[in-house]
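Encoded as structure tokens, the structure appears first; notes follow it.
Numbered from 1 within each chain, the chains take letters A, B, ... in sequence-line order. Just so it is clear, the values below take in all heavy atoms, side chains as well, and ignore hydrogens, waters and symmetry mates.
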Amino acid sequence: MSGGREEGGYEPAAIEPRWRERWEEAGTNRARGDGRPKRYILDMFPYPSGAGLHMGHAEIYTISDVIARHARLQGFDVLHPTGWDAFGLPAEQYAIRHGVHPRTAVDRNVATFKGQMERMGWSYDWSREIDTTDPEYYRWTQWIFRVLYERGLAYEADVPVNWCEALGTVLANEEVIDGKSERGGHPVVQRPMRQWLLRITSYAQRLLDDLELVDWPESLKEMQRQWIGRSEGAEVTFAIDGHDDSFTVFTTRPDTLYGATYCALAPEHPLVATVTTPEQAEAVTAYVERAARRSERERMADVHEKTGVFTGAYAINPVNGERLPIWVADYVLMGYGTGAVMAVPGHDQRDHDFARAFDLPIREVVSGGDVTEAAFEGDGPHVSSGPLDGQDTPTAKRTVIALLEKAGQGRARITYKLRDWLFSRQRYWGEPFPIIHRADGETVLLGEDALPITLPQVARYEPTGTGESPLAGITEWVETTDPRDGSPARRETNTMPQWAGSCWYYLRYISPHCAERFVDESAEKAWMPVDVYVGGVEHAVLHLLYARFWHKVLFDAGLVSTPEPFQRLVNQGMITAPAYKRIEADASSTSRYIPPAEVTRRSDGTWVHRESGETVERVVMKMSKSAFNVANPDDLVEQYGADALRLYILFMGPPEDDKVWDHAGIHGITRFLHRLWRLVVGDSHGPAKPRSAAPAEGEARRLLHGTIAGMTRDMEQMAYNTAISKLMVMLNGMGELDAVPEEMLAAYLPMLSPFAPHVADELWSRLAETSDRFAGWASTAAWPTYDEAALVADEVELAVQVNGKVRGRLTVAADASEESILTDALALEGVVRALEGMQVTQRRVVPGRLVVLGAKPEPS
RNA sequence: GCCGAAGUGGCGGAAUUGGCAGACGCGCUAGGUUCAGGACCUAGUGGGAGUUACUCCCUUGUGGGUUCGAGUCCCACCUUCGGCACCA
């Protein structure tokens, strides 16, 4: 049989659009729900910014696409959807800047994104596309808020927010950098305002425990554990000398209670005002006011500078009746524990620092260190501690907790660092709350029939300057009536934060058009949980914790069937790129960086700006326009094709590793695709390889089955870089044959198709012109299987080691006996030389690999 | 400071988990082909030494250890990158 016809070479632009159309027409990317085993392959949906698709998107979505396409070849029914996380600040700011409605901006950006995503050949089921800003979507976001509210998990409270006077608005934490507004650099202060919060803290323990149920990177689980920050200890109640009031502290070291020499309250602690004596009032007031003015960031900046003021009051130590001075100190945080601490300078370094600064007594109650020098925070026998004397820390903790419980002055307690989730924003572009406030002060949750509460059309969506959302100014929207009795009421004018829509979007994909419920009940049971979730580690604590929280609430309400939403999680690494920096330029210079095209490498390895001759520094950094190091996926697709870009992204390294973009590297991939094209079709550099209908034999058969075996393992482990290298090795091997068995190509192209789907299907269809073996498409074929027996070679080469060093090589039949191998090995010239004057003490054959000989000098 | 991950050629990386370090690719060198540029093809490419068609030594951040044998296991240290950071 002859090879293909002579014709034009590999031209991705000529074939890629055609195949995408065919897949779309045939619906090959659709999830069927036909009862086959399922795989739900999800990636973190994009925020459709005005900047379009960047290389980070290209990486994450290529990874998830390869997982999805591979699963389809394995016969799974695959759900692989995408959509738009389109509420939030960036759309609003873009809209303000360009003077268009956020809706218009989002629609425009989505159109750009969708085109770019389609050009990458990602096999999304577009029939399930969702948009968090579509009222038919956020109706259900509001509906889930109702579930939270009805379960007592949503409440209003006065909490500090970031207030920027100059901009006249509240800012999100992301918009505050080092105590100043991101835009304009104006001062930002903490100011209490009425806000909605979600009681995520009541799920703290389960969010911690259920990390055991999921297959996530250990480092990411650890980040969530630290964020939740469970700590075991006790609370201890101190009476105040001469007052009826008392206060409670939280401590992880109740065993050191006999070593307490003072107590400290947070500046915001409600008792500060009551306990302060008249003589101290002026100093305390001044200190509290100063602390209030300092932002949280300022407070954190000078961590080691301990400040505080004595209130003049004394607390009574419940175990020994000692009078302990009560101080106010800003190293005590109102937001953690009880906002009050018992201070044990001998065994807590912070208290030690404070005691040294204010000349307070330091007492040793656990021996093992020198408390005059530094706090001893370790374990050891307790001393000067009454009934605890001689006990170690765990025992002393139990003893003292028992004592306190008996006296009614304390108990064991667990606290978490995790705070309740501040769930409202003073913004236009977010989900409205299904809440109204009656004139009589009652807060009313609107019924399901009122949903969706849609955003009104407005002329201005800029911040109002009053700290309220722009919605507050739209009288006809705000003023409403209570549907129960028609009495006047005002709508809640805060909106939900951007995280809300992404807390449950993975459920909506399952039944995106379901009108009766947020997710179809039986479809939910069929598809959940998400089998593989691919996304960036930047969402390690926020999105991934919030989504787990909502999911557990829905689970408790009997609305979903799994306790966790995302079974396996994969974090892709960040793609960075080299940039060239002027060494002399100061930070404010507008031209700190030189475009790579204007830079040349000197022979000594340094880099020089050709035009000016100045030496520049090569730095690897995040891609950014100002550093001229952005690689744009769209441009690369145009230049090299989607298949080449997909292959190259994965070939750079393992998915989870950070990668440095190297433009030159993609040429290797392009060459590979051209060689493959030439082998099958032929091009101007050579004709197609002759093909044979006969089965692969000998070396070719081993190459085929070895590649399938290796690829199968690599795909399972997501070792895509080595999988691609195996495809290169097999292609090189096929190139050396006189004729390529069609059997090899029939296995090769399906294995290539998850990575380079367009060219795989194109070549497959070319082959179909001359052979019946190539029915259908490579992308819809079955993943090939291999024969274990075909992996074994007839002859194997063994390395012969003497004391761990290779001294010879031996080619033997695969089934040669150990004895004959050893005999042959000992006769090898190099081995004989190495064994001169030596006595062989050990001989072993590692099958298929090497011969091990141990030897030591012969006794003389 | 605490927690986590990682250090392998000029570069990206590989090594079936204790068994021939450097697969595959980039880059580079030489030759071929081409009107030219590019593309393509062939060969070479960790370092060093020598008696240079061959042989030896060294080499996976550093220093020790276990083993016939260590990139891989153990101990100590160094560096880099992430996360947290007055959390009582």
Side-chain angles (χ1 to χ4, degrees), chain A residues 9 217-227 229-231 233 249-253 256 264 299-300 302-306 329-333 335-344 347-351 353-354 415-419 537-538 540-541 573-574 578 601 605 647-648 651-654 656-672 674-675 678 683-686 709-710 713-714 719 721-729 731-732 797-806 809 830 833 840-844 846 848-856:
Chain A
E218 191 51 40
S219 61
L220 197 142
K221 287 190 187 184
E222 194 51 38
M223 279 166 74
Q224 291 217 343
R225 287 191 197 107
Q226 285 189 5
W227 191 263
R230 178 189 156 103
S231 97
V249 304
F250 174 74
T251 175
T252 55
R253 293 296 301 275
T256 61
R299 246 162 101 162
M300 284 192 294
D302 41 26
V303 153
H304 301 292
E305 197 81 16
K306 291 281 183 295
D330 70 358
Y331 82 92
V332 182
L333 307 175
Y336 183 76
T338 59
V341 300
M342 66 177 215
V344 186
H347 304 285
D348 181 290
Q349 193 54 46
R350 293 157 302 181
D351 298 344
D353 294 344
F354 191 86
T415 60
Y416 301 89
K417 275 196 272 186
L418 185 68
R419 317 283 174 83
V537 73
E538 66 272 19
V541 282
M574 190 169 62
R601 187 167 192 257
L647 278 163
Y648 183 53
F651 188 64
M652 283 195 289
E656 64 276 12
D657 283 10
D658 288 342
K659 289 149 203 97
V660 181
W661 181 260
D662 172 17
H663 186 80
I666 200 167
H667 291 305
I669 294 293
T670 304
R671 264 173 230 167
F672 161 65
H674 275 101
R675 279 205 311 276
R678 193 175 312 132
D683 61 19
S684 60
H685 295 292
R713 194 178 53 238
D714 283 352
N721 54 334
T722 54
I724 292 165
S725 99
K726 286 180 176 71
L727 289 171
M728 291 173 170
V729 170
L731 177 65
N732 294 343
E797 192 190 59
L798 303 177
V800 183
Q801 286 188 350
V802 177
N803 288 341
K805 285 193 160 65
V806 180
R809 283 168 196 291
R833 200 164 45 222
V840 176
T841 55
Q842 190 182 4
R843 47 191 79 192
R844 208 161 92 223
V846 181
R849 315 208 109 239
L850 52 92
V851 179
V852 173
L853 297 170
K856 62 180 184 191

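Looking only at distances, a side-chain donor or acceptor of A:D714 sits under 3.5 Å from a matching main-chain atom of A:A723. Side chain of A:K659 to backbone of A:P654: a donor-acceptor contact under 3.5 angstrom is found. The backbone N or O of A:G573 sits nowhere less than 3.5 Å from a side-chain atom of A:D658 that would complete a donor-acceptor pair.
Applying the Watson-Crick and G-U wobble criteria (two distances, each under 3.5 Å), B:U51 pairs with nothing in any strand. In this structure, B:C35 makes no Watson-Crick or G-U wobble pair, since no nucleotide meets both defining distances under 3.5 angstrom. Across all strands shown, B:U62 pairs with B:A76; the Watson-Crick or G-U wobble distances both stay below 3.5 Å. Across all strands shown, B:G19 pairs with B:C68; the Watson-Crick or G-U wobble distances both stay below 3.5 Å. With a cut-off of 3.5 Å on both Watson-Crick or G-U wobble distances, the partner of B:C2 is given as B:G83. Pairing for B:G9 is absent, judged as Watson-Crick or G-U wobble with the two contacts each under 3.5 Å. Across the strands present, B:U45 finds its partner in B:G27; the criterion is a Watson-Crick or G-U wobble pair with both atom distances under 3.5 angstrom.
In terms of phosphate contacts, A:R671 brings a side-chain nitrogen or oxygen within less than 4.0 Å of OP1 or OP2 of B:C40. In terms of phosphate contacts, A:Y336 brings a side-chain nitrogen or oxygen within less than 4.0 Å of OP1 or OP2 of B:A88. Considering only side-chain N and O atoms, A:N721 lies nowhere under 4.0 angstrom from the phosphate OP1 or OP2 of B:A23. At least one side-chain nitrogen or oxygen of A:S231 sits closer than 4.0 Å to the OP1 or OP2 atom of B:A88. Contact annotation: A:R225 does not reach the phosphate of B:C84 (side-chain N/O to OP1 or OP2, under 4.0 Å).
Mapped onto RNA chain B by nearest heavy atom, A:V852 and A:A340 fall at different nucleotides, with A:V852 at the one closer to the 5' end. Nearest-nucleotide positions on RNA chain B for A:K417 and A:H674 put A:H674 closer to the 5' end.
Using a 4.0 Å heavy-atom distance criterion, A:P654 is classed as a sugar-phosphate-only contact. No contact: A:D657 has no heavy atom under 4.0 Å from any strand. At the heavy-atom level, A:D351 lies nowhere under 4.0 Å from the strands shown. Counting non-hydrogen atoms under 4.0 angstrom, A:V729 reaches the backbone sugars and phosphates but no base.
Taking the O4'-C1'-N9-C4 or O4'-C1'-N1-C2 dihedral as appropriate, B:U52 has a value within 90° of 0 and is therefore syn. For B:G9, the base adopts the syn conformation, since its glycosidic angle falls within 90 degrees of zero. For B:U17, the base adopts the syn conformation, since its glycosidic angle falls within 90 degrees of zero.
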Can you check nucleotides 5-9 of chain B for protein contacts, nitrogen or oxygen pairs under 3.5 Å, and list what you find?
none

Provide a list of protein-nucleic acid N or O atom pairs under 3.5 angstrom, restricted to nucleotides 20-22 of chain B.
from  : atom 1 : to     : atom 2 : distance (Å)
B:C20 : OP2    : A:R849 : NH1    : 3.3
B:C20 : O2     : A:R809 : NH1    : 2.4
B:C20 : O2     : A:R809 : NH2    : 2.6
B:C20 : N3     : A:R809 : NH1    : 3.1

Mind listing the N/O atom pairs, protein and nucleotides 33-36 of chain B, below 3.5 Å?
none

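For A:R253 and A:D348, the salt-bridge test fails: no basic side-chain N is under 4.0 Å from an acidic carboxylate O.
The CG atom of A:N732 sits 14 Å away from the P atom of B:C40 (whole-angstrom rounding).
The side chain of A:Q226 lies closest to B:C3, out of B:C3, B:A23, B:C86. For A:D348, the side-chain atoms get nearest to B:A88 when compared with the rest of B:C84, B:C41, B:A88. Nearest nucleotide to the A:H685 side chain, out of B:C26, B:C40, B:G83: B:C40.
Proximity of A:Y648 to A:H663: side-chain heavy atoms (C-beta onward) are nowhere separated by under 4.5 Å. In this structure, A:I666 and A:R671 have side chains that are not in contact, with every pair of non-hydrogen atoms separated by 4.5 Å or more. A:K221 places a side-chain heavy atom less than 4.5 Å from the side chain of A:E218. Side-chain atoms of A:M652 and A:V660, non-hydrogen and from C-beta on, never get closer than 4.5 Å to each other. When side chains are defined from C-beta on, A:F250 counts as touching A:S231, because their heavy atoms get closer than 4.5 Å.
Taking the C1' atom of each, B:U59 and B:G7 are spaced 15 Å apart, rounded to whole Å.
Other residues, nucleotides and ligands contribute at most 12 non-hydrogen atoms within 6.0 Å of the CH2 atom of A:W227.
For a distance-only test at 3.5 Å, the side chain of A:K306 qualifies as a donor-acceptor partner of the base of B:C86.
The cationic atom of A:K306 (NZ for Lys, CZ for Arg) lies less than 6.0 Å from the six-membered ring centre of A:Y331 and within 45° of the ring axis.
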